[in-house]
Amino acid sequence: MNNKLLNLEYGSIHFTYWAVFAAISSFSSVLLLGRGYTNSEIGVIVAISNILSVLIQPFTADLADRSKRISLVGISQIMTLFMMGLTGLLLIFRGAGPLVFVIYAVILGVHASLQPLYNSLNFKLEECGANMNFGMCRCGGSLGYSILCLILGSVVKQHGSEVLPGLDLVFMAAIVLTVWLTWLQYEKIRANNVNVKKEWEEEKEDINLVDFVRRNGLFFVLNIGVFFLYIHNQVLNIFMLQVVQDVGGDSVDMGRVLSLMAFLEIPTMFCFDWINRKFSTSFLLKVSAVGFTAKIGLVFLSRSVTGILLAHILQLVSYALFLPAMVKYTNEVMSRGEAVKGQSLFTIMATVSGIAASFFGGFILDHGGARMLTGVSTLAAAIGTVILFLTVDRIIEKKKRGTQL
């Protein structure tokens with residue numbers, strides 16, 4: 001019963017985190033266009049936020065892995081409260097001024113930096129002896145994102161984009177609450193499993209960030225593939241409004257597409273442990289990479305909102321499969337002391353892809369249109385798929401031989 005409750009509470013963290021993501025990231029174009037920014041300016045805002053996230057993540061990962069005075073949970077709570085303070089300023093300062101530009105970029109950057117911490121929390125929670133099911137818990141994130149996107153599309157159409165910052169605050173407060181409740185349950189279970197904690201601590205390895213990069217060169221190359229794969233994912237998250245408008249849609253259609261996309265992640269993530277018992281994580285990563293490329297390719301070919309909706313059926317075997325597979329794969333090839341850094345590198349590469357997608361995406365939209373943007377994204381996904389195919393099995397082989405990755 002305690003294990004089920006801990007999994008439920010951990011899943012609620014993902015629910016609230018991705019609900020916030022829906023409002024501040026996926027609907028960023030809606031709010032910022034409404035405040036008078038151009039596509040190129042929005043792209044620069046998101047690019048700067050991703051650069052900031054790349055700078056923050058190695059620091060928080062190293063702190064979470066090495067610090068004995070501040071916990072992973074403590075770090076995430078401080079970051080969330082900071083985000084709430086900045087979001088409150090968005091309710092005060094409006095328009096398209098430089099202050100809003102900076103505030104929004106910092107909010108997006110801090111929020112993106114929380115993701116590897118929450119992914120790594122799955123393995124931290126296992127210290128108490130609980131059996132954690134990451135795929136099932138991550139379903140909470142897809143559910144939260146799906147529900148919010150569906151609701152936000154209609155709410156924004158009825159009440160305007162300025163409703164978004166207030167909703168952000170509500171769900172950020174919910175993140176603080178769910179993380180606190182999850183940690184209380186963790187401490188309760190750990191108190192009854194003292195020996196499990198001791199065994200885990202004996203396995204820990206202290207390693208700094210520089211050593212991590214030096215020891216895991218091939219894993220770094222794999223994550224370059226992640227960079228190319230995730231460009232299209234970032235493009236669709238940031239510029240979906242412009243993509244659906246290009247085929248005659250509006251904010252309601254955007255909400256429906258994003259909601260369907262997230263909803264279709266749920267069955268795959270929920271069943272991931274069962275799927276993973278049948279197939280290796282390396283094989284699942286290959287399948288998902290092909291799914292990524294096929295999905296954005298079909299979006300590129302679509303001439304209607306219906307076509308875009310149908311293309312997103314491939315979410316079942318693309319992002320929905322890739323995320324839990326990559327988290328599990330990273331845990332398989334990393335030593336205990338490298339756990340958070342490994343997850344952080346994966347998220348950093350996804351974030352760096354966001355820098356490219358947002359900066360160049362806004363420029364391409366203003367000068368070449370949505371079809372050119374999805375075409376370039378298809379090419380990038382194909383490159384990422386090739387890199388992943390060339391590296392994913394070699395890393396497993398090196399791990400088995402005990403050599404550096």
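Here the side chains of Ile107 and Met172 are in contact, with some heavy-atom distance below 4.5 Å. Between Phe346 and Leu222 the shortest side-chain heavy-atom distance does not fall below 4.5 Å. A 4.5 Å side-chain heavy-atom check between Leu229 and Phe322 finds at least one atom pair inside the cut-off. Contact annotation: the side chain of Arg94 never approaches that of Val100 to less than 4.5 Å [non-hydrogen atoms, C-beta and beyond]. With a 4.5 Å cut-off on side-chain heavy atoms, Ile395 and Tyr329 count as touching. Met240 is not listed as a side-chain neighbour of Ser26, based on a closest heavy-atom distance of 4.5 Å or more. Put simply, the side chain of Glu265 reaches to within 4.5 Å of the side chain of Tyr319, judged on heavy atoms. Side-chain atoms of Ile313 and Leu310, non-hydrogen and from C-beta on, do get closer than 4.5 Å to each other.
Side-chain N/O atoms of Asn133 and Asn7 include no donor and acceptor closer than 3.5 Å. Checking Thr385 against Thr293 by side-chain atom types alone, a donor-acceptor pair falls below 3.5 Å. No side-chain donor from either of Ser259 and Tyr145 sits under 3.5 Å from a side-chain acceptor of the other. With hydrogens and angles left out, the side-chain atoms of Gln234 and Ser358 include no donor and acceptor closer than 3.5 Å. In the model, Ser40 has a side-chain atom that pairs as donor or acceptor with a side-chain atom of Asp366 under 3.5 Å.
Of the possible polar contacts, one joining the Gln77 side chain to the Val176 backbone as a donor-acceptor pair under 3.5 Å is found. Remark: side-chain polar atoms of Thr182 are paired, donor with acceptor, to backbone N or O of Glu9 under 3.5 angstrom. Here the side chain of Ser12 pairs no donor or acceptor atom with the backbone of Phe15 at under 3.5 angstrom. Side-chain N or O atoms of Asn276 include one that pairs as donor or acceptor with a backbone N or O of Phe279 at under 3.5 Å. Between the side chain of Ser29 and the main chain of Leu241, no donor-acceptor pair closer than 3.5 Å is present. Side-chain atoms of Ser25 never come within 3.5 Å of backbone atoms of Ala22 as a donor-acceptor pair (strictly under, hydrogens ignored).
When every heavy atom of Tyr104 is checked against every heavy atom of Leu31, the shortest pair comes out as CE1-CD2, 3.5 Å. In terms of heavy-atom proximity, Phe93 sits nearest to Arg35 at O-NH1, 3.1 Å. Residues Thr378 and Ile296 approach most closely at OG1-O, 3.4 Å, considering heavy atoms. Here the closest heavy-atom approach between residue Ala370 and residue Val243 is recorded as CB-CA, 4.2 Å. Between Ala23 and Leu152, the closest heavy-atom pair is CA-CD1, 3.8 Å. The two atoms that bring Phe227 and Ser353 nearest to each other are O-CB, 3.1 Å, heavy atoms only.
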Inset, instruction - Could you walk me through whether Gln242 and Phe239 pass side chain to side chain contact (heavy atoms under 4.5 Å, CB included), step by step? - result: CA-CA 5 Å; Gln242 292 89 330; Phe239 299 114; 3.6 Å; yes
Inset, instruction - Check the pair Ile383 / Ile387 against side chain to side chain contact (heavy atoms under 4.5 Å, CB included), numbers first and verdict last. - result: CA-CA 6 Å; Ile383 294 172; Ile387 294 174; 4.1 Å; yes
Inset, instruction - Check the pair Tyr186, Trp183 against side chain to side chain contact (heavy atoms under 4.5 Å, CB included), reporting the backbone distance first and the verdict last. - result: CA-CA 5 Å; Tyr186 162 82; Trp183 196 247; 3.4 Å; yes
Legend entry - side chain to side chain contact (heavy atoms under 4.5 Å, CB included) evaluation trace for Leu148 with Trp18: CA-CA 9 Å; Leu148 259 291; Trp18 287 97; over 6 Å; no
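Interatomic distance, Cys139 SG to Ile266 CD1, rounded to the nearest 0.5 Å: 6.0 Å. Between the CG atom of Leu321 and the CG atom of Leu284 there is a distance of 5.0 Å, given to the nearest 0.5 Å. In this structure, CZ on Arg371 lies 8.0 Å from CG on Asp246, to the nearest 0.5 angstrom. Taken to the nearest 0.5 Å, the CG atom of Leu164 stands 11.5 Å off from the NE2 atom of His159. Taking OG1 of Thr281 as the start and CG of Asn331 as the end, the distance is 10.0 Å to the nearest 0.5 Å. In this structure, the separation between CG on Leu388 and OG on Ser288 is 7.0 Å, given to the nearest 0.5 Å.
Within a 6.0 Å radius of CZ in Phe270, no more than 12 heavy atoms belonging to other residues, nucleotides or ligands are found. Around CZ of Phe389, the count of heavy atoms belonging to other residues, nucleotides or ligands within 6.0 Å exceeds 12. Within 6.0 Å of CZ on Phe363 lie no more than 12 heavy atoms contributed by other residues, nucleotides or ligands.
Under the 4.0 Å criterion applied to side-chain N and carboxylate O atoms, Asp393 and Lys286 are assigned as salt-bridge partners. Of the charged side-chain nitrogens involved, at least one lies within less than 4.0 Å of a carboxylate oxygen, so that Asp250 and Lys157 count as a salt-bridged pair.
Taking the six-membered ring where the residue is Trp, the centroids of Tyr118 and His14 are separated by 6.0 Å or more.
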